[in-house]
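Below is one structure, written out as structure tokens; comments come after it.
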2 protein chains.
Amino acid sequence: MTERLATGPGAIYWHVPNKGALLDAATASVVATAMAVEVTGSPQREIRAIALGLFEAIERHPWLSPQLALRLSRSPWSSVTPRIFESIGQRVSALGVPESTWFTATSALVHYIFGAAGQNAANSQVLGLGVDRAEFLRATANAWEELDPGEFPFLRSIADEARDHDDREQFLTGIDLILTGITGAEPGGSTRP
Amino acid sequence: MTERLATGPGAIYWHVPNKGALLDAATASVVATAMAVEVTGSPQREIRAIALGLFEAIERHPWLSPQLALRLSRSPWSSVTPRIFESIGQRVSALGVPESTWFTATSALVHYIFGAAGQNAANSQVLGLGVDRAEFLRATANAWEELDPGEFPFLRSIADEARDHDDREQFLTGIDLILTGITGAEPGGSTRP
DNA sequence: ACCTGAACACCGTTCAAGT
DNA sequence: ACCTGAACACCGTTCAAGT
């Protein structure tokens with residue numbers, strides 16, 4: 001086990017059956033506090049707030065990313081992921097769209113959150129100690145601009161944009177995109193919460 | 001190493017420096033063939049086809065899921081993920097939306113694909129040998145219907161829908177949702193490719 | 001009731017020795 | 001040039017023995 005805080009290696013096995021169960025407990029705890037933020041406003045704003053809370057929790061605890069996927073598939077009735085689904089789904093149902101679209105719309109939001117947050121967490125881990133974020137973005141953008149114009153016209157065209165984008169902001173704009181798709185119209189309210 | 005096909009354990013290290021490099025090579029190969037499918041039609045239809053190709057590749061090779069996230073963050077200029085970005089991005093730019101939205105729109109699509117496909121891969125792995133899919137869905141839906149009505153009204157309301165949904169179909173509807181959000185209108189064409 | 005610590009299984013990696 | 005196989009490091013887990 002990675003953490004042996006002033007105990008023998010076998011000590012934890014008195015309290016917990018195995019590493020998976022320990023991660024489950026940690027996951028439940030982290031996600032619970034991440035979703036405990038009181039949110040009020042339009043459904044859209046509330047969804048953005050919940051999404052951002054999860055995004056940041058996963059950024060702080062990168063091991064959450066595979067963990068959430070596993071828990072969702074292994075026991076979709078156990079506490080953690082159902083709460084996420086429920087929390088977002090309640091706001092989706094408050095958007096005033098037909099009930100037949102709720103399940104798919106909520107799934108899309110949750111999958112997007114997990115995907116984007118997982119990617120962000122991987123980025124943060126790679127950066128973490130050593131590389132600077134701005135430096136990294138600059139290097140990436142430069143590399144994209146050097147690519148073959150015939151094969152990679154798109155990457156070249158967005159290199160400038162990538163150079164100084166903000167991950168949180170881009171994440172939330174992605175949420176807005178999906179919300180627009182769900183309601184089939186403008187998500188309403190300002191662009192930023 | 002997991003696969004010791006009729007060789008000594010140290011044999012691979014002559015050809016490849018470590019396990020990561022081996023996975024990188026496998027990733028490149030799998031993704032290349034997954035995206036080699038010739039697609040023609042509206043940008044929307046092409047995006048759906050590419051997305052589904054990746055979805056199915058990740059379903060067949062669940063180890064791709066963490067692998068793609070890592071590769072994207074560790075070396076965003078190396079071959080695999082840039083190709084995915086480029087391929088989808090070209091179609092996004094063909095949608096006729098302002099260039100300033102391309103980067104975020106493409107990121108949203110890619111993150112959604114990775115998130116949904118990763119979840120699906122985890123599901124498939126858990127099922128794989130043993131549990132039947134229909135049986136699993138039924139059990140999940142039943143469990144959701146048993147939940148406390150005060151705390152989980154949403155999960156109870158979608159339990160029926162969840163019981164007999166198709167993962168591929170739901171995935172593609174999610175793509176359509178994002179495409180609608182990107183164009184700010186109907187994605188056009190039929191619902192299914 | 002809870003912790004210790006030696007021991008085991010498993011797996012990624014190294015490397016001197018073989019062909 | 002390429003493979004073998006003993007050896008090592010690392011980590012999750014077990015368990016008899018301690019307090």
Side-chain angles (χ1 to χ4, degrees), chain A residues 1-32 57-76 78-81 114 118-119 121-131, chain B residues 1-32 57-76 78-81 114 118-119 121-131:
Chain A
M1 208 143 298
T2 323
E3 39 166 10
R4 31 190 79 168
L5 333 123
T7 48
I12 328 98
Y13 289 89
W14 175 261
H15 306 276
V16 101
N18 53 41
K19 194 194 181 187
L22 194 151
L23 281 175
D24 285 355
T27 302
S29 158
V30 170
V31 171
I58 293 174
E59 186 176 45
R60 276 192 300 273
H61 310 285
W63 48 267
L64 271 177
S65 189
Q67 185 64 18
L68 286 172
L70 271 189
R71 278 235 73 54
L72 178 50
S73 63
R74 264 201 315 232
S75 51
S78 97
S79 49
V80 190
T81 358
F114 285 7
Q119 183 57 58
N123 290 346
S124 303
Q125 251 180 329
V126 168
L127 297 179
L129 278 92
V131 202
Chain B
M1 207 143 298
T2 324
E3 40 166 8
R4 30 189 82 167
L5 333 124
T7 50
I12 328 97
Y13 289 89
W14 177 260
H15 306 276
V16 103
N18 53 41
K19 194 194 181 187
L22 195 151
L23 281 176
D24 285 355
T27 302
S29 158
V30 170
V31 170
I58 293 174
E59 185 176 45
R60 275 192 301 273
H61 310 285
W63 47 268
L64 270 178
S65 190
Q67 185 65 16
L68 286 172
L70 270 188
R71 277 232 76 52
L72 179 49
S73 63
R74 264 199 315 230
S75 51
S78 98
S79 52
V80 189
T81 358
F114 285 7
Q119 183 57 57
N123 289 346
S124 303
Q125 251 180 330
V126 168
L127 297 179
L129 279 92
V131 201

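The chains referred to below are lettered A, B, ... by the order of the sequence lines, with proteins before strands, and numbering in each begins at 1.
- At whole-Å resolution of the value, CG in Asn18(A) and C1' in dC11(D) are 14 Å apart.
- Panel note: side chain Thr27(A), backbone Leu23(A); a donor-acceptor pair is recorded below 3.5 Å.
- One finds the OG atom of Ser79(B) at 8.5 Å from the CG atom of Asp24(B) (value rounded to the nearest 0.5 Å).
- From Thr81(B), atom OG1 reaches atom CZ of Phe114(B) across 6.5 Å, with rounding to the nearest 0.5 Å.
- In this structure, of dA6(C), dT4(D), dC2(C), it is dA6(C) that holds the atom nearest to the side chain of Pro9(A).
- Heavy-atom distances to DNA chain C give each of His15(A) and Gly10(B) a nearest nucleotide, and the one nearer the 5′ end belongs to His15(A).
- Distance from the side chain of Ala11(A) is smallest for dC3(C) among the nucleotides dT4(D), dC3(C), dG12(D).
- For Trp14(B), whose side chain is taken as the heavy atoms from C-beta onward, the closest listed nucleotide among dC2(D), dT4(C), dC2(C) is dC2(D).
- Summarising the geometry, atom CD belonging to Glu59(B) is positioned 12.0 Å from atom CD belonging to Gln119(B); distances are rounded to the nearest 0.5 Å.
- Atom NZ in Lys19(A) sits roughly 8 Å away from atom C1' in dG12(D) (whole-Å rounding).
- Of all non-hydrogen atoms in Ile58(B) and Ser65(B), the two that sit nearest each other are CG2-CB, 4.3 Å.
- At dT13(D), one or more side-chain N or O atoms of Tyr13(A) fall inside 4.0 Å of OP1 or OP2 (strictly under the cut-off).
- In this structure, Asn123(B) CG and Leu70(A) CG are separated by 10.0 Å, a value rounded to the nearest 0.5 Å.
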ask   = Just the dot-bracket of DNA chain D, please: which string comes out with Watson-Crick or G-U pairs under 3.5 Å, [ ] for crossing, | for another strand?
value = ||.|||||...|||||.||

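- Residue Ile12(B) contributes atom CD1, which lies 19 Å from atom P of dA1(D) at whole-angstrom precision.
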